[in-house]
Structures are given as structure tokens and as C-alpha cells.
Amino acid sequence: MSINATLFVQCIVFLILVIFTMKFVWPPIAKALDERAQKIADGLAAADKAKTELTAVNKRVEQELAQTRNETASRLADAESRGQAIIDEAKARATEEGNKIVAAARAEAEQQAIAAREALREQVAVLAVKGAEQILQKEVNAGIHADLLNRLKTEL
């Protein structure tokens, strides 16, 4: 065979190989490449979407944390003011009770002083009667001179 015929046959075999490859081999490879490219594109889109959602969720979380911090600070301030009010009220009650106790003690002391004065007046009256008896050298009747003794008690 000649070189031209060999060259011609090789060209025909090459063309058949190219047509076979283009018809049967190339479409599944191209399809697989397209599917892979689509999966990669879908994955990138999903990653972008997840990143956007993550940003939105982070913003929402920050807002809720800020709101929670504000509420906590407000509740702490309320608790402190309530505590101070309770302390002030307890102090006021304690002061009031103390004043009542002091007033009761003063009243009791005053009553005891009055009772002591009355007892002292009685004793002075008895001593005055005894002194008068000794001065007069006779007995003074307390029943007869009760009016005089009462006047003497009131003067003392």
C-alpha cells in the first residue's frame, strides 16, 4: 500500500474515532462536567445564602442581647429601689417603735415619780403628826384631824 492510501485510511479512522467520541463519549463527559459545575454553583449559592442568614441571625441575637441587658439593668434598678424603700420603711418603723417605747418609759417613770411623791407625802404627814404629838405632848387623832392632814399633804 502506498503512503497516500495509508494516510487516507488513517484520516477516515480518525474521523470515525472523532465522530464516535463526539457522539458517545463526549456527551456523558460534558453532562458530568455540567452537573458538577451546577453542584458547585448550587453549593456557592447555598453558602452565600447561609452567610446572609447568619448575618441576619447575628444581628437579631445582638438586638435581643441588648434588650435583655436593658431589661436586666432596669430590673436591678427596681430591685435596688425596692430594697432601699423597704430599708427606709423598716427604719421608720423602728424609730416609731423606739419613740413609743421611750414615751411609755417616760410615762411609767412619771407615774412612779408621782407614786413616790404620794408615798413621801404620806410619810411626811405621819412624821408631822408624830412630831406634833411630841411637841404638844398629847396624841393627835388622825380621824378627827383628817382635813388638816389632807391640807398638809397637798402643801408638801
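Quick note: residue numbers are just sequence positions, from 1.
- Distance CD/Gln10 to CD1/Ile3: 9.5 Å, rounded to 0.5 Å.
- Counting only heavy atoms from C-beta outward, the side chains of Asn58 and Glu62 never approach each other to under 4.5 Å.
- Taking OG of Ser81 as the start and CD1 of Ile86 as the end, the distance is 9.5 Å to the nearest 0.5 Å.
- Counting heavy atoms from C-beta outward, Ile114 and Arg117 have side chains that approach closer than 4.5 Å.
- Here the OG1 atom belonging to Thr68 is positioned 9.0 Å from the CZ atom belonging to Arg75, to the nearest 0.5 angstrom.
- Proximity of Arg60 to Val57: side-chain heavy atoms (C-beta onward) are separated by under 4.5 Å at one or more points.
- Remark: Ile12 CD1 to Leu7 CG distance equals 10.5 Å, nearest 0.5 Å.
- Follow the hydrophobic side-chain contacts under 4.5 Å out from Ile29 and you reach Phe20 in the same cluster.
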Does the pair Gln38 and Asp34 meet the rule for a side chain to side chain donor-acceptor pair (under 3.5 Å), with working shown?
-> CA-CA 6 Å; Gln38 185 63 37; Asp34 288 342; over 6 Å; no

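- Taken to the nearest 0.5 Å, the CD atom of Gln67 stands 10.0 Å off from the OG1 atom of Thr72.
- Here the straight-line distance linking atom CZ of Phe14 with atom OG1 of Thr21 works out to 8.5 Å at 0.5 Å rounding.
- With Ser74 contributing its side chain and Asn70 its backbone, the two residues share no donor-acceptor pair below 3.5 Å.
- Under a hydrophobic-cluster definition in which Ile, Leu, Val, Met, Phe, Trp and Tyr are linked whenever side-chain heavy atoms come within less than 4.5 Å, directly or via other members, Leu33 and Phe24 are assigned to the same cluster.
- A salt bridge does not link Glu97 to Arg93: none of the charged side-chain nitrogens sits closer than 4.0 Å to a carboxylate oxygen.
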